[in-house]
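Here's the structure, in structure tokens; my notes come after.
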Amino acid sequence: MKEIFNVGETILLDGAPLALVTPDGVKAWIEDGVQHSFRYDQVRDPLSGQMKYRCLYEKNGSDMPFVLVGNPDSEEGAHVILFDQKPDA
């Protein structure tokens, strides 16, 4: 699965909706030569209340940013992947 656009809840960034992309989708972008960039922003984990980081991707030619999510076919579903620390880029 490359991109996910609707899984029931809307995820927002500065009031605008985000599209979703899985790690496999990012790998497919790389394999297909899709130009993209990524960054991290800090958000509050809705389960623990702790501050964590999420990864946002911007694909050249797309107006909508993508948030990194788990595979919807996995046990956890298409949840936003949160990092305890900002990964080294």
Side-chain angles (χ1 to χ4, degrees):
M1 181 159 300
K2 291 187 178 184
E3 300 167 7
I4 308 164
F5 289 95
N6 184 356
V7 292
E9 289 185 30
T10 302
I11 300 173
L12 302 175
L13 174 65
D14 298 330
L18 290 169
L20 311 178
V21 64
T22 64
D24 287 341
V26 174
K27 287 179 190 174
W29 287 353
I30 293 167
E31 291 170 2
D32 294 343
V34 174
Q35 297 294 313
H36 63 280
S37 60
F38 67 93
R39 63 187 165 90
Y40 292 91
D41 68 349
Q42 201 168 28
V43 295
R44 188 168 305 280
D45 184 335
L47 300 177
S48 71
Q50 301 295 313
M51 295 303 291
K52 300 209 177 185
Y53 293 91
R54 68 180 175 185
C55 187
L56 299 172
Y57 285 88
E58 293 186 4
K59 186 169 70 166
N60 290 8
S62 175
D63 293 336
M64 186 177 295
F66 293 78
V67 66
L68 185 64
V69 297
N71 187 331
D73 296 329
S74 71
E75 210 172 279
E76 296 87 22
H79 66 286
V80 175
I81 296 173
L82 297 176
F83 302 89
D84 291 329
Q85 297 180 12
K86 190 174 178 180
D88 293 331

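Being a predicted model, the structure only gives us computed values, none of them experimental.
- Hydrophobic clustering of Ile, Leu, Val, Met, Phe, Trp and Tyr side chains at less than 4.5 Å, counting indirect connections, unites Val21 with Ile30.
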Derivation of the side-chain contact (heavy atoms from CB on, under 4.5 Å) call for Arg54 and Leu68: CA-CA 7 Å; Arg54 68 180 175 185; Leu68 185 64; over 6 Å; no

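- Taken to the nearest 0.5 Å, the CD atom of Gln42 stands 11.0 Å off from the CG atom of Leu82.
- Hydrophobic clustering, with ILVMFWY side chains joined whenever heavy atoms are under 4.5 angstrom apart, keeps Val80 apart from Met51.
- Contact detail for Pro65 and Asp63: the closest heavy-atom pair is CD-O, 3.7 Å.
- With sequence neighbours excluded, the residues satisfying side chain to side chain contact (heavy atoms under 4.5 Å, CB included) with Arg39 are Leu13, Leu56, Glu58.
- In this structure, the ring pair (Phe, Tyr, Trp, His ring centres under 6.0 Å) partners of His36, at least two apart in sequence or on a different chain, are Trp29, Tyr57.
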Test side-chain contact (heavy atoms from CB on, under 4.5 Å) on Val69 and Thr22; report intermediate values, then the result. CA-CA 5 Å; Val69 297; Thr22 64; 4.2 Å; yes

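- The main-chain N or O of Val34 is never found under 3.5 Å from a side-chain atom of Asp32 such that the two would form a donor-acceptor pair.
- The minimum heavy-atom distance between Tyr53 and Gln85, with the atom names listed, is CD1-C, 3.7 Å.
- Evaluation of the side chain to side chain contact (heavy atoms under 4.5 Å, CB included) rule for Lys27 yields Asp24 as partners, not counting sequence neighbours.
- Between Ile81 and Pro23, the shortest heavy-atom distance links the atoms CD1-CG, 4.0 Å.
- Applying the side chain to side chain contact (heavy atoms under 4.5 Å, CB included) criterion to Gln50, with sequence neighbours excluded, gives Ser48, Lys52.
- Here the straight-line distance linking atom CG of Leu20 with atom CE of Met64 works out to 9.5 Å at 0.5 Å rounding.
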